[in-house]
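Predicted model only: the values in this text are computed from it and were never measured. Below, all heavy atoms of this structure are taken into account, side chains as well, without hydrogens, waters or symmetry copies.
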Amino acid sequence: MRGAPVEVLKRVPLFADLSDDEVRQIAALFKERHFAAGAIVIQEGSGGAAFFVIESGEVKVFLGAKEHTTLKAGSYFGEIAMFDEGARTATITAATDLVCFGLTYWDFRPVVEANGVIGWKLLQRMAHLLREARAQ
């Protein structure tokens, strides 16, 4: 199945400034993914190429060997990988059977390159999020 629920993506801060049509355009790029309980979804230090939104189930987030938090349906992880393909900063493990929607860098990049308005809104939102993170 292709496409993530638009209403879920609209809650992702990175997409907060996009119009409904722009969010729908990006939502259509996502692919449904399934992981069994215990499966490693993302390995810390590995190359990043995908962003995930949890549809159902839970994941555990580990920083180093230490458990950091649990994410549930509607949560997301890996969003920075859509921009820089850099090394992952955490390990994400499926705590239960997991259904999520994934978007890869190579599917996302052409949309941003072809649509300067989307690219500019995302850049502004990332600057805003960086400013908030630095203030904390």
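Hydrophobic clustering of Ile, Leu, Val, Met, Phe, Trp and Tyr side chains at less than 4.5 Å, counting indirect connections, keeps Phe30 apart from Phe52. Residues Leu18 and Met126 share a hydrophobic cluster, clusters being chains of Ile/Leu/Val/Met/Phe/Trp/Tyr side chains in contact below 4.5 Å. Linking ILVMFWY side-chain heavy atoms closer than 4.5 Å, directly or via other members, places Val111 and Val12 in a single hydrophobic cluster. Val53 and Leu14 end up in the same hydrophobic cluster when Ile, Leu, Val, Met, Phe, Trp and Tyr side chains are linked at under 4.5 Å. Cluster membership check: Leu29 shares its hydrophobic cluster with Val112, using side-chain heavy-atom separations under 4.5 Å among Ile, Leu, Val, Met, Phe, Trp and Tyr.
For Asp97 (side chain) and Ala37 (main-chain N/O), a donor-acceptor pair under 3.5 Å exists by modelled atom type. Judged purely by atom type and a 3.5 angstrom limit, Glu22 uses its side chain to pair as donor or acceptor with the backbone of Ser19.
Interatomic distance, His68 NE2 to Thr89 OG1, rounded to the nearest 0.5 Å: 9.5 Å. Distance CD/Glu67 to CZ/Phe62: 4.5 Å, rounded to 0.5 Å. Within the model, atoms CH2 of Trp120 and CZ of Arg125 stand 14.0 Å from one another, a figure rounded to the nearest 0.5 Å. One distance of note links SG of Cys100 with CD1 of Ile92; it measures 10.5 Å at 0.5 Å rounding. Taking CG of Leu129 as the reference point, atom CD of Glu79 lies at 8.5 Å (rounded to 0.5 Å).
With contacts defined as side-chain heavy-atom distances shorter than 4.5 Å, the pair Leu98/Ser56 does not qualify. Using a 4.5 Å heavy-atom threshold, the side chains of Gln25 and Asn115 count as touching. Between Arg88 and Ser46 the shortest side-chain heavy-atom distance falls below 4.5 Å. Residues Val41 and Phe77 form a side-chain contact, since some pair of their non-hydrogen atoms from C-beta on lies under 4.5 Å apart.
Of all heavy-atom pairs spanning Ala95 and Lys60, the tightest one is CB-CG, 3.8 Å. Between Trp106 and Pro110, the shortest heavy-atom contact is O-CD, 3.2 Å. Residue Ala87 comes nearest to Gly45 through the heavy atom pair CB-O, 3.7 Å, listed as atom of the first residue, atom of the second, then distance. Here the closest heavy-atom approach between residue Glu55 and residue Pro5 is recorded as OE1-CG, 3.7 Å. The two atoms that bring Val61 and Ala90 nearest to each other are CG1-CB, 3.9 Å, heavy atoms only. Of all non-hydrogen atoms in Leu63 and Glu44, the two that sit nearest each other are C-OE1, 3.9 Å.
Checking each of Ile54, Ile42, Ile40 against Val59 for a side-chain contact (heavy atoms from CB on, under 4.5 Å) leaves exactly one that passes, namely Ile54.
Listed by chain and number, the hydrophobic cluster partners of Val99 come to none, as no ILVMFWY side chain reaches under 4.5 Å of it.
Annotation: Arg24, atom CZ; neighbour count of heavy atoms from other residues, nucleotides and ligands within 6.0 Å is above 12.
Applying the ring-ring contact (aromatic ring centres under 6.0 Å, His included) test to Phe108 and every residue at least two apart in sequence or in another chain returns Phe83. Residues satisfying the ring-ring contact (aromatic ring centres under 6.0 Å, His included) criterion with Phe35, sequence neighbours excluded, are absent altogether.
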Show, in sequence, the C-alpha distance, side-chain angles and deciding distance for Lys10 and Asp20, and conclude whether the side chain to side chain contact (heavy atoms under 4.5 Å, CB included) test is met. CA-CA 8 Å; Lys10 289 171 78 172; Asp20 288 351; 2.7 Å; yes
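Under the 3.5 Å distance criterion, with hydrogens and angles disregarded, a donor-acceptor pair is assigned to the side chains of His128 and Glu132.
A salt bridge does not link Glu7 with Arg11: none of the charged nitrogens is closer than 4.0 Å to a carboxylate oxygen.
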